[in-house]
Structures are given as structure tokens and as C-alpha cells.
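Whatever order the structure lists them in is the order used to number ligands and atoms, beginning at 1.
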Amino acid sequence: MHIQVISVLPEMFAAISDFGVTSRALKQGLWQFDAINPRQFADNKLGYIDDRPYGGGPGMVMMAPPLARAITHAKDQHQGKNPPRVLYLSPQGQPLTHAKTQELAKLDGMILLCGRYEGVDERLLNHYIDEEISIGDFVVSGGELPAMMLMDSVLRQIDGVLGHQDSAAQDSFANGLLDCPHYTRPESFEDMHVPEVLLSGNHAKIAKWRQQQSVLRTTQRRPDLLAALKQEASELGISEPTDKAI
Ligand code: 4GX
């Protein structure tokens, strides 16, 4: 997958290109990365790409023309047979979910527009952006960290990015539930013991316990996820067994 980011702070992306599993995968050629600074497409020598908002008010708005040129340039540079998806990160977008990261992981490429200041001219969003995505109902100072969160969550769905083949399948949300608790040595820590079942060596029992813990935690912490799972089941025509004649 070829990921191109458009950002006035391209150096921030070292966090994902130079560290951890995403860096190793980049070196292995499992994905390609380019950061494009939209200042290079400014129509002034100083590289200004923002201006005051029409109608007044505080802050600055990123101008449409330089961003349009940056996106067009990114599309021209795109490697891969299918056109890349153009995404904008903002709190006004659709919430990012596990299902969305799986969908994006199948793409040949993504162009991620990272906004700074108060936002981006709406006309650019309407004509150059395929999808607006939010990483949560809170505000950060720019689209770079949200873009890196999206990139990391998408990249870990790609075969070979995680060390262990089924690590991604074991993640929270992979089956619509929260993850089970995990333990490692020592067996006893500050008078707290590892659950006996995990020391039993009975793999069927262990799998059952982990599944129960996942359901219990989801019920206690995220009942909304359980409700979504029930909704999905009913849409698939899955119902609880009945002893009544049909
Ligand atoms: N999930 N931000 C975008 C720029 C901005 C300001 C105003 C539109 C209107 C965010 C999030 C997020 C901060 C990225 C504001 N855009 N992005 N940025 N939550 O908070 O994705």
C-alpha cells in the first residue's frame, strides 16, 4: 500500500516511518510512504497556504488552491493500479472503526490530508476528498496524529506487518468484543495470583475462559458494542434456539 500524506509538518511522520512494527514493515517493502508539504504549492514565495475566514472570526483557514494542487500532485505520483482514496481527518468525519480499518487495508493507496489552523476551505473538501474520518469525539491540534493513528491501525491489518501471523485477528474488536486479560511471569505479584485456569495446560478450557472474559468485559465496559453485535446477528437472521415448532 502506498500512503501519501499532505502536511505542513511532514517531520512528525517519523513517529510511524522510523519506529516500531510500521517502520520494519516499511523497510521490508510492505508499504510505501511519501510526505508532501503543501507549502511547495503556495502561490507566494513565503509559502503561505492559509488566510482569514470569510465572515470573520478567529483563526485561519487553509486555502483550496494549494491543497488542490498538492492532491493532484499526489495522485500523479501514486504507485499502484487502482486510484488512491483521498481522506481528510477531522472531528466532523465518520468515526473510525475496526471495520473501516479493514476496508481501507484492501486499498492500493491512500492520500491523507492533515489540516492545521481552524480547518480547510469547504469547497476543497467537497471536490477533492472522498471521505472525512474522525478518530474520536475530541479535538487535537492538527490532523497529523489522527492520520498516524489511522495509518497504524490500517497497516497492522496487512499481511506480514505484525510479527505473529494471527496477532491482528486476536486484537480487540476483531470479533466485535473487547480483548481478554493477559498475564505473564511472575505467577504471584503483590499477593495477586494468575488465574489458575491459565496454568492448567487445558487449551480448550483456556479458550473458553478467555471468550467468557471478553464477553464479561464487553458487557461491563462497552454495552454499546454488544448491542451492535446483536444487531448484526439479527441482520444475518441468527436467532436464539427455540423449542417451539416453526
Ligand atoms: N479526528 N483534528 C483536524 C483541523 C480542523 C479544524 C477545524 C476542521 C475544522 C481530529 C479528530 C481532530 C483537529 C484534525 C482539527 N479541521 N481529526 N483539525 N478528532 O481533532 O480526526
Side-chain angles (χ1 to χ4, degrees), residues 1-17 19-20 22 31 33-42 47-74 84-107 109-157 171-173 221-222 224-225 228:
M1 170 181 294
H2 185 199
I3 301 180
Q4 295 159 293
V5 300
I6 297 171
S7 163
V8 293
L9 296 174
E11 295 89 353
M12 282 184 76
F13 289 87
I16 193 156
S17 63
F19 298 91
T22 49
W31 63 293
F33 178 65
D34 284 300
I36 297 162
N37 192 331
R39 291 195 195 287
Q40 71 184 95
F41 299 97
Y48 290 128
I49 55 159
D50 60 328
D51 208 334
R52 287 164 304 168
Y54 277 118
M60 300 291 268
V61 177
M62 291 176 99
M63 296 187 286
L67 294 181
R69 289 192 283 270
I71 292 169
T72 301
H73 170 80
R85 183 96 54 105
V86 186
L87 306 175
Y88 176 59
L89 284 302
S90 106
Q92 283 73 44
Q94 287 301 305
L96 184 62
T97 60
H98 179 71
K100 177 56 75 177
T101 66
Q102 285 179 311
E103 178 197 324
L104 297 175
K106 297 185 189 110
L107 297 174
M110 303 191 286
I111 297 171
L112 305 177
L113 176 62
C114 306
R116 286 257 148 197
Y117 320 109
E118 290 314 299
V120 172
D121 190 303
E122 190 67 19
R123 294 166 295 180
L124 183 281
L125 300 181
N126 289 341
H127 282 83
Y128 284 82
I129 300 295
D130 297 319
E131 239 179 294
E132 197 164 336
I133 293 181
S134 169
I135 55 145
D137 292 340
F138 48 86
V139 178
V140 295
S141 305
E144 286 79 7
L145 290 170
M148 282 189 266
M149 290 180 65
L150 181 146
M151 287 166 71
D152 186 286
S153 63
V154 168
L155 289 169
R156 56 187 285 117
Q157 307 292 330
D171 279 346
S172 292
F173 306 117
R221 302 182 188 191
R222 294 292 304 276
D224 57 310
L225 291 179

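With hydrogens left out, the protein atom closest to atom 21 (O) of ligand 1 is S90 N, 3.3 Å, a heavy atom. In terms of protein heavy atoms, atom 6 (C) of ligand 1 is closest to E118 O, 2.9 Å. Ranking protein heavy atoms by distance to atom 13 (C) of ligand 1, first place goes to V140 O, 2.8 Å. For atom 19 (N) of ligand 1, the closest heavy atom belonging to the protein is F138 O, 2.9 Å. Nearest non-hydrogen protein atom to atom 18 (N) of ligand 1 is G115 O, 3.9 Å.
When L155, L145, L89, T101 are each tested for a side-chain contact (heavy atoms from CB on, under 4.5 Å) with L150, only one passes: L89.
Interface of V139 with ligand 1, defined as ligand atoms under 4.0 Å from a residue heavy atom, comprises 20 (O). For ligand 1, the atoms closer than 4.0 angstrom to any heavy atom of G142 are 14 (C). In the vicinity of P146, heavy-atom distances shorter than 4.0 Å reach the ligand 1 atoms 10 (C), 17 (N), 21 (O). Atoms of ligand 1 lying under 4.0 Å from any heavy atom of G143, numbered from 1 in the order shown and given with element: 14 (C). In the vicinity of G136, heavy-atom distances shorter than 4.0 Å reach the ligand 1 atoms 19 (N). Residue Q92 approaches ligand 1 through these ligand atoms, each under 4.0 Å from one of its heavy atoms: 8 (C), 9 (C). Residue-ligand proximity, I133 to ligand 1, at heavy-atom distances under 4.0 Å covers atoms 21 (O). Using a 4.0 Å cut-off to heavy atoms of Y88, the atoms of ligand 1 that qualify are 4 (C), 5 (C), 8 (C), 16 (N).
Note that CD of E103 is 12.0 Å distant from CD of Q157, once rounded to the nearest 0.5 Å. Atom CD1 of I6 sits about 9.5 Å away from atom CD of Q40, to the nearest 0.5 Å. One finds the NE2 atom of H98 at 12.0 Å from the CG atom of L225 (value rounded to the nearest 0.5 Å).
Each side chain to side chain donor-acceptor pair (under 3.5 Å) pair with one or both residues in residues 138-151, not counting sequence neighbours, appears once here: S7-E144, R116-E144.
The nearest non-hydrogen atom to atom 14 (C) of ligand 1, considering only I135, V120, D137, L89, comes from L89.
Put simply, no part of L96 is less than 4.0 Å from ligand 1, judged by heavy atoms.
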